[in-house]
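Proteins get letters first, then strands, A, B, ... in listed order; numbering begins at 1 in each.
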Amino acid sequence: MEEFVKEYLNQGKRIDGRGFRDYRPIEIKHSVVSKAEGSAFVNLGGTKVYAGVKLDIGEPFPDSPNEGILIVNAEFTPLSSPEIEPGPPGEDAIELARIVDRIIRESQAIELEKLFIEEGKVWVVYVDLAVFDMRGNLMDASTLASIKALLHTRIPKVENGKIIRGEFVSKLPVIYKPVSVTIGKYNNNLLVDLSKEEEEVIDTKLVIGVRDDDKICAMQKQGIGALSFKDIEGALDLAIEKSKELRRLL
Amino acid sequence: MTQREIVLPGSYIGERKGRKIVNCYVEGEKVYSKVLGVLKISDEEICVVPLAGKYFPKVGDRIIGRIEEIEVSGWWVDINSPYMAFLPLSEAVDEFVDVRRVDLSRFYDIDDIIFCKITKVTKNKIIQVSMKDVLARKLFGGITIKITPYKVARVIGKGGSMIELIKEKTGSEIYVGQNGVIWIKGGKKEKAIEAILTIEREAHTIGLTEKIAKMLSG
Amino acid sequence: MKKPEIPLIINGRRIDGRLPDEVREIKMSIGEILNADGSARVSFGNTEAIVAVYGPRALFPKFLQETDVGLVRVIYSMSPFSVDERKNPAPDRRSIEISKVTKEALSAAIFIEDFPKAVVDVYENIIQADGSTRVAAINAASLALASAGIPMKDLVAACSVGKVDDTLIVDLNGKEDNYSESDMAVAMMPSKGLITFLQMDGRLTKEEVLELLKKAEEVCKRIYELQKKTLLERYKMEKEEE
């Protein structure tokens, strides 16, 4: 299989017939879990991930006493791939969650200062990702799911310091829709939305988080290869272009 | 023409011009060093002799190993390397051995020390050693010490001068493996060990041979 | 992200008196950990990293072995006393992520095909943290790997760059790291012009990203020269035996 994928890439083609700059079909649904304050489901070319948002009341961090707290976690369920064993998150799941966290946080998508409740009490926004099928480009699918879920998150009612689940007072203040565009490098070509088979042969990727105003809010190189300056410049252009396409789906 | 200088990983060495390369890599025609070492250039070869690192087996090396495990048809030998070597029965014993009946520990038992020769190294680091070599033997008794493999040459000295000096002055029986394992028995072996460790530690100093000679005479 | 109580740039100078393009004093040394196959210590101002390399050595359990390539493992950790508030010594999510991307950055430079089935372990410890810890550790790791005799395409040099108070700066200290608008950690193989480590967060235009990369390259090249000098000085003695 690997040789076959490489042969195609060498000829400037992809095994599923896509161009190097094409995403696979993307299906996005929101409010798919009624117990959660916000939720979304993304199917990106077979990669399936749920994002659920739960809100809790918590103590603010001492260095930002008036701001809400964002916590992102990812769980690769054993359902998702024969390689995943049950147990605590591994380094890939931790990395994924931390990149999603940075994209949301650094883009300032959520107005955390509006999540102040009272002295010593703020909203804690938990974004939990549950991955159910890993068919490539989990990164971009997870960012889409997280942002979609946050866009449809409602803040529950609070009475006497207690949350009344199922009753809501307002929407979560989300002002940007950052997305991630993960770009793979094969020889001197840049490709978006790697399939599972492509991820097995492409050893260098660059995740780029892009905000609505084309500001870059996060970058992370992944894999055991290296990138030239030209690769990075090309990847930035490509990411900005594709980010607009992805954002329209939100 | 020979030329000697210290090179580092990534150091540009020169054009390859059809030469053999050792511990180097090429990009097109350009040759770069892979490791920290001393550069040796000749008309036939561009070689970097490493200044550090683990022992990586090479065919023809005479080394000292320790029997680690006994299999049905041979022995696993610890050769002070990231890889174990296999000593097959056919490379160890001349007589016919019925492996169904004979316990191979009769020939070599766990923890036995052998002086042997590397006869095979595959791409995937399957290592084979053999006892079918004039110098190969089981080393009885004695003690082994380990030194940095790249300093073995210094312990042996030019044409064996250093090691002969130590043997002569101490009266010890000494075997030096290319893998950095040295076996010593009899004579003033404490003196021999002291001398070897001094050579390892002070390999770079000038007049080392005289120093060792003096040390062993005292 | 968070608002600093004081401006980070006053009259063109940074809080520690440096100019935007100025790197703190860098110190490098090799070979301090006697048990290790290679070791190095690198400091940038108050940030100090010690790294030990063990291997290549046999890898167990056996199912972890790859028949055609060797494995590189990295553990980045911070000593509990390296920061203001005592750090729990157990690995946290940040350390696990840094370890993972560092492993990839170093693997990009290492000829892993030269030690199939075996493993090289890289243990990075931050003794004192004042910003740019992950890049200090990468610089030390690269020195430790070279002095352990590990085959590599090039040394890996690393630095941090960022944006504070609308100014692009290099080698962020702890305060700048905390309050920067953006920060970026870069490692590269300087003689190849190839980037092996890149982490960035904040809010930057594409042009700013490229400009910061250029600054990072300049600093990495200077660090690279220091790394080479450090190695050559340490092993100069060894040559004389020849």
Side-chain angles (χ1 to χ4, degrees), chain A residues 61-64 66-67 71-74 88-99 101-108 112-113 176 178 185 203-211 213-233 235-237 239-240, chain C residues 1-5 69 71-74 85 91-101 103-110 112 153-154 156 178-189 192-210 212-214 216-217:
Chain A
F61 289 121
D63 57 350
S64 45
N66 303 318
E67 284 183 11
I71 292 170
V72 182
N73 183 54
E91 61 179 23
D92 292 326
I94 288 171
E95 182 191 30
L96 178 88
R98 287 182 55 86
I99 298 174
D101 178 293
R102 288 200 288 275
I103 289 172
I104 300 168
R105 188 182 308 276
E106 300 292 332
S107 67
Q108 302 176 325
L112 291 175
E113 63 282 6
Y176 289 113
K185 178 194 171 187
D203 64 8
T204 321
K205 291 191 283 181
L206 183 61
V207 183
I208 303 179
V210 189
R211 200 165 76 168
D213 55 2
D214 294 349
K215 284 261 173 88
I216 311 300
C217 50
M219 290 170 84
Q220 183 131 318
K221 192 220 111 188
Q222 300 178 315
I224 62 167
L227 293 163
S228 69
F229 286 85
K230 209 175 126 239
D231 292 331
I232 295 172
E233 187 170 5
L236 285 166
D237 285 330
I240 290 170
Chain C
M1 186 181 76
K2 287 163 237 146
K3 282 270 168 293
E5 314 89 55
V69 291
L71 198 70
V72 177
R73 290 188 292 207
V74 175
E85 303 289 329
D92 55 11
R93 290 159 61 93
R94 173 182 172 275
S95 301
I96 291 169
E97 186 193 18
I98 291 174
S99 300
K100 187 232 177 214
V101 281
K103 166 186 76 187
E104 293 171 339
L106 297 174
S107 299
I110 295 173
I112 51 175
K153 297 182 185 81
D154 197 4
V156 178
N178 272 342
Y179 297 115
S180 64
E181 228 170 292
S182 296
D183 66 83
M184 187 153 102
V186 181
M188 58 185 303
M189 294 187 271
K192 310 284 171 206
L194 287 172
I195 287 167
T196 68
F197 184 106
L198 179 61
Q199 277 191 307
M200 171 263 160
D201 55 58
R203 295 154 299 284
L204 294 172
T205 63
K206 178 198 145 195
E207 290 70 28
E208 286 171 325
V209 171
L210 295 174
L212 280 177
L213 275 176
K214 208 173 282 167
E217 187 187 22

- Spatial distance of atom CG (C:Leu204) from atom CE (A:Met219) [nearest 0.5 Å]: 9.0 Å

- Crowding at CD, C:Glu85 (>12 non-hydrogen neighbours, <6.0 Å): no

- Message: To the closest 0.5 Å, what do you measure between CG (C:Leu194) and OG1 (A:Thr204)?
- Response: 9.5 Å

- Count the heavy-atom pairs under 4.5 Å between each of A:Gly223, A:Gly209, A:Ala218 and chain C, then report the option with the highest count. A:Gly223

- Message: For a quick test of reading the model, state the closest non-hydrogen atom pair linking C:Arg93 to A:Ala97 and the distance between them.
- Response: NH2-CB, 3.4 Å

- Message: Quick check: do C:Glu104 and A:Asp203 have side-chain heavy atoms less than 4.5 Å from each other?
- Response: no

- Heavy-atom closest contact (C:Ala108 atom, A:Gly225 atom, distance): CB-O, 3.5 Å

- Query: Hey, which of C:Met189, C:Lys103, C:Glu217, C:Met184 has the most heavy atom pairs under 4.5 Å with chain A?
  - Reply: C:Glu217

- Query: Does any heavy atom of chain A fall under 4.5 Å from the side chain of C:Ile112, the backbone, both, or neither of them?
  - Reply: side chain

- Which heavy atom of A:Lys221 sits nearest a heavy atom of C:Phe197, and at what distance? CD-N, 4.1 Å

- Query: Are the side chains of C:Glu97 and A:Gln220 in touch, meaning some heavy atoms are under 4.5 Å apart?
  - Reply: yes

- Would you check if the side chain of C:Lys206 reaches a backbone N or O of A:Ile216 as a donor-acceptor pair within less than 3.5 Å? no

- Message: Using the rule given for side chain to side chain contact (heavy atoms under 4.5 Å, CB included), can you reason through C:Val72 versus A:Ile224, listing the C-alpha separation, both sets of side-chain angles and the distance that settles it, and then say yes or no?
- Response: CA-CA 10 Å; C:Val72 177; A:Ile224 62 167; over 6 Å; no

- Between A:Asn73 and chain C, which part of the residue has a heavy atom less than 4.5 Å away: side chain, backbone, both or neither? both

- Between atom CD1 of C:Ile96 and atom CG of A:Asp92, what is the distance when rounded to the nearest 0.5 Å? 11.5 Å

- Item | Whether C:Arg203 side chain and A:Ser107 backbone form a donor-acceptor pair below 3.5 Å | no

- Query: Taking atom CD1 of C:Ile195 and atom CD1 of A:Ile232, what is their separation to the nearest 0.5 Å?
  - Reply: 3.5 Å

- Task: Using non-hydrogen atoms and a 4.5 Å limit, figure out which bit of A:Leu206 sits close to chain C: side chain, backbone, both or neither.
- Result: side chain

- Item | Under 4.5 Å from any heavy atom of chain C - which part of A:Leu112 | neither

- At what distance, to the nearest 0.5 angstrom, does CD of A:Glu95 lie from CD1 of C:Ile98? 11.5 Å

